[in-house]
Chemist: 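Questions regarding the structure given below will be posed in turn.
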Amino acid sequence: MEIISKIADLQARIQKFKADGKKVGFVPTMGALHAGHASLVNRCVSENDYCVVSVFVNPTQFNDKNDLQHYPRTPEADCALLEKAGCSIMFMPTVDEMYPEEDTRIFDLGSVAEVMEGRYRPGHFNGVAQIVSKLFAAVMPHRAYFGEKDFQQIAVIREMTRQLQFPIEIVSCPIVREADGMALSSRNTRLSTSQRKNAVNISQTLFKSRTFAEQHTVTETIAYVTDTLNTIEDLQVEYFEIVDGNSLQAVASWDDATYIVGCITVYCGEVRLIDNITYKV
Ligand code: PAF
């Protein structure tokens, strides 16, 4: 595995791969890699001739300075995981390399970016679109891989890819969970032992809500999940919305869409955790 930090060097390597007629897959990450990232890398390696993984904590997508400051950074462990997974290039640029000047672009990503995370984290998706468009322009992969834990992010990136006409296939990959059901996240490392024990209720309540939903309305299911979690120590639900899985707009009834997903954000102490569950496909 090569470790590259300059865009020009990355482009030179990738041009060579493409000149040889090879397929290039790309996994953008912010590091602190875990088994969820490994599953994206494994899929990327299996579906392409070369797999490029970026590790870059993007400052423009953090609307909370404290969150940026505390975001876990584990470059040595990331390198070992990627080497083992068969990654061809680990791209680890500096902030100056990605942002030699301030990125003043404002994206209009439409209604998929306005709800949920868009409402609670103003500017977040604009920052995601800034960095992912820069990374796409640098790597120009055939395929790019994203995890479904960030369900809304995938819809936003698909929209950005469509608007900017990148000829890149966006591949979404299932959430990877711990044995007890907790969705893997780099932020989980910030939880204390007791917070981690309480946080498992997020996924467990979502799973139980599937059965609950069979006999109850959308509104009752939202109340069930929110009220259950808010009674548990350390947990405070920021939002739980049940939405059309394509448009991401809230549904009022189970008949309103053929694909329905529940998306949740919960604070566990100071750590902001997200998860989602599919009710109907
Ligand atoms: O999902 C993430 O880790 C980030 O939002 C991404 C896509 C790497 C952009 O910084």
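Each ligand, and each atom within it, is numbered from 1 in the order the structure gives.
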Chemist: Going by the order shown, which atoms of ligand 1 are within less than 4.0 Å of some heavy atom of M30?
Modeler: 3 (O), 4 (C), 8 (C), 10 (O)

Chemist: Over 60° means perpendicular and under 30° means parallel, so tell me whether F212 and H216 are parallel, tilted or perpendicular.
Modeler: parallel

Chemist: Are the aromatic rings of F62 and Y71 close, with centres under 6.0 Å apart?
Modeler: yes

Chemist: Which of the numbered atoms in ligand 1 are under 4.0 angstrom from any heavy atom belonging to P28?
Modeler: 8 (C)

Chemist: Relative to the heavy atoms of T29, which atoms of ligand 1 are at a distance of less than 4.0 Å?
Modeler: 8 (C)

Chemist: Of H142, R143, K22, which is the lone residue that meets side chain to side chain donor-acceptor pair (under 3.5 Å) with N48?
Modeler: R143

Chemist: Specify the protein heavy atom at minimum distance from atom 7 (C) of ligand 1: its residue, its atom name, and the distance to 0.1 Å.
Modeler: Q153 NE2, 3.6 Å

Chemist: For atom 9 (C) of ligand 1, what is the nearest protein heavy atom, given as residue, atom name and distance?
Modeler: Q61 OE1, 3.3 Å

Chemist: Using the rule given for side chain to side chain donor-acceptor pair (under 3.5 Å), can you reason through T60 versus Y99, listing the C-alpha separation, both sets of side-chain angles and the distance that settles it, and then say yes or no?
Modeler: CA-CA 10 Å; T60 73; Y99 295 103; 3.1 Å; yes

Chemist: Number the atoms of ligand 1 from 1 as they appear, then name those within less than 4.0 Å of a heavy atom of I131, with their elements.
Modeler: 9 (C), 10 (O)

Chemist: Could R105 and D103 be called an ion pair, given the rule that one side-chain N must be under 4.0 Å from one carboxylate O?
Modeler: yes

